[in-house]
Structure formats: structure tokens, C-alpha cells
Visitor: 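My questions all concern the structure below.
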Amino acid sequence: MIFIVVKFHVRPDLADQWLSLVDEFTRATRNEPGNLFFDWARSVDDPNQFVLTEGFASQEAGVEHVQSAHFQAALERMSEAISATPDIINVEVPGDGWSKMGELTPKS
């Protein structure tokens, strides 16, 4: 699995619009056959920072994602809304998605 985490630093005047701005991109990516997950979170420390956690089934699925029309269109839209170049972690890991955390379970 290709595991990617990206931190986006968004212009303060556009931060409250960010999720709407990337909504079409998010939906299109989630519909890609090789996409395992594609989830946004807003930083609790910096309201202008959003973190994207994404997973793809294979290197090929990741390449198809980057070459897609919706990815290219999103880059154009996002470039106008960010205040700095995003920070990224992109690694290949064993597995095909999320596992259960062994140290914590709900109390009955």
C-alpha cells in the first residue's frame, strides 16, 4: 500500500472554504479503483492547516491518481489557496488498509 500524508498550509482568508474547494477532488479520488482512503482533517493547533491522509492499493494506483485529470485540476485550484508548499510523507507499507489498534478497545 502507498501511504501518504500531506500538510496543506492554507491562506487564512480561504481556510474556512478549503473543504468545499477540494470537495470535487476528494469525491473523484475516493471513486478511483485503487484508492483505499482519502481523508481530510483540520489541525487543532493551526486553523489554517489541513492534513490529508491517503492510501492507494499499489504504486500503479498512485501513478494513475497523479496522472488523472481531477488531480491536475485540483493542483491548479489549490495553488491559489495555499500559503506555502505542502509538506508530504509518501511511503510504501505492507498491508491493504487500516488495522485495528491492539492496545485500546471500548469498555463494555
Side-chain angles (χ1 to χ4, degrees):
M1 172 177 68
I2 304 303
F3 181 74
I4 303 165
V5 179
V6 187
K7 286 185 178 182
F8 292 86
H9 309 275
V10 179
R11 291 182 13 207
D13 60 312
L14 294 175
D16 287 338
Q17 300 169 40
W18 180 255
L19 293 176
S20 295
L21 187 138
V22 298
D23 182 61
E24 184 178 323
F25 173 52
T26 299
R27 286 184 285 113
T29 301
R30 287 178 176 167
N31 285 324
E32 293 176 19
N35 180 255
L36 302 173
F37 50 88
F38 195 84
D39 299 313
W40 291 97
R42 193 172 198 171
S43 171
V44 296
D45 297 321
D46 180 353
N48 301 321
Q49 183 182 83
F50 290 82
V51 177
L52 173 61
T53 305
E54 48 189 314
F56 293 92
S58 65
Q59 188 70 33
E60 295 77 20
V63 169
E64 287 178 23
H65 168 65
V66 171
Q67 293 177 345
S68 70
H70 58 267
F71 181 87
Q72 298 302 318
L75 291 181
E76 184 65 29
R77 282 192 305 276
M78 290 188 293
S79 70
E80 297 172 357
I82 59 173
S83 61
T85 301
D87 301 307
I88 188 168
I89 297 171
N90 183 334
V91 295
E92 191 167 349
V93 297
D96 58 3
W98 294 97
S99 300
K100 297 293 182 192
M101 182 178 174
E103 298 83 6
L104 182 64
T105 57
K107 288 188 178 182
S108 308

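Any value given below was found using the heavy atoms of this structure, including those in side chains, with hydrogens, waters and symmetry copies removed.
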Visitor: Applying side-chain hydrogen bond (donor to acceptor under 3.5 Å, both in side chains), which residue pairs with at least one partner in residues 64-91 are found, sequence neighbours left out?
Guide: H9-D87, E32-H65, E32-H70, S68-H70
Visitor: For the backbone of F38 and the side chain of R30, can you confirm whether one donor and one acceptor N or O come within less than 3.5 Å of each other?
Guide: yes
Visitor: For V91, enumerate each residue passing the side-chain contact (heavy atoms from CB on, under 4.5 Å) test, keeping only those at least two apart in sequence or located in another chain.
Guide: F3, I89, V93
Visitor: Do the side chains of I88 and V22 join up, straight or via other hydrophobic residues, at under 4.5 Å, putting them in one cluster?
Guide: yes
Visitor: Taking the side chain as everything from C-beta on, heavy atoms only, tell me whether F56 gets closer than 4.5 Å to L36.
Guide: no
Visitor: Identify, with sequence neighbours excluded, every residue that meets side-chain contact (heavy atoms from CB on, under 4.5 Å) alongside P86.
Guide: V6, F8, I82
Visitor: May I have all residue pairs that pass salt bridge (Lys or Arg N to Asp or Glu O under 4.0 Å) and include part of residues 8-26, sequence neighbours excluded?
Guide: R11-D13, D16-R42, D23-R27
Visitor: Which residues satisfy the side-chain contact (heavy atoms from CB on, under 4.5 Å) test with D46, sequence neighbours excluded?
Guide: S43, N48, Q49
Visitor: For L104, what are the other residues in its hydrophobic cluster, where any two members join if their side-chain heavy atoms are less than 4.5 angstrom apart?
Guide: M101
Visitor: Please name the pair of heavy atoms, one in V66 and one in F71, separated by the smallest distance, quoted to 0.1 Å.
Guide: O-CD2, 3.1 Å
Visitor: Only pairs at least two apart or in different chains count here, so list each side-chain hydrogen bond (donor to acceptor under 3.5 Å, both in side chains) that has a residue in residues 99-108.
Guide: none
Visitor: Tell me, please, which residues at least two apart from E60 pass side-chain hydrogen bond (donor to acceptor under 3.5 Å, both in side chains).
Guide: S58
Visitor: So if you build clusters from Ile, Leu, Val, Met, Phe, Trp, Tyr with side-chain heavy-atom gaps below 4.5 Å, do L21 and L75 land together?
Guide: yes
Visitor: Check for me, please, whether V51 and L14 land in the same ILVMFWY cluster - side-chain distances under 4.5 Å, paths through other members count.
Guide: no
Visitor: Could you tell me which non-hydrogen atom of A15 sits nearest to which non-hydrogen atom of P47, and how far apart they are?
Guide: CB-O, 3.7 Å
Visitor: Run the side-chain hydrogen bond (donor to acceptor under 3.5 Å, both in side chains) test against T26 and tell me which residues pass, sequence neighbours left out.
Guide: W40
Visitor: Looking at every non-hydrogen atom in both residues, tell me the closest pair between A81 and W18 and how far apart they are.
Guide: CB-CZ3, 3.8 Å
Visitor: For the hydrophobic clusters of this structure (ILVMFWY residues joined by side-chain heavy atoms under 4.5 Å, transitively), does one cluster hold both I2 and V5?
Guide: no
Visitor: Do M78 and L52 share a hydrophobic cluster, counting only Ile, Leu, Val, Met, Phe, Trp and Tyr and linking them when any side-chain heavy atoms are less than 4.5 Å apart?
Guide: yes
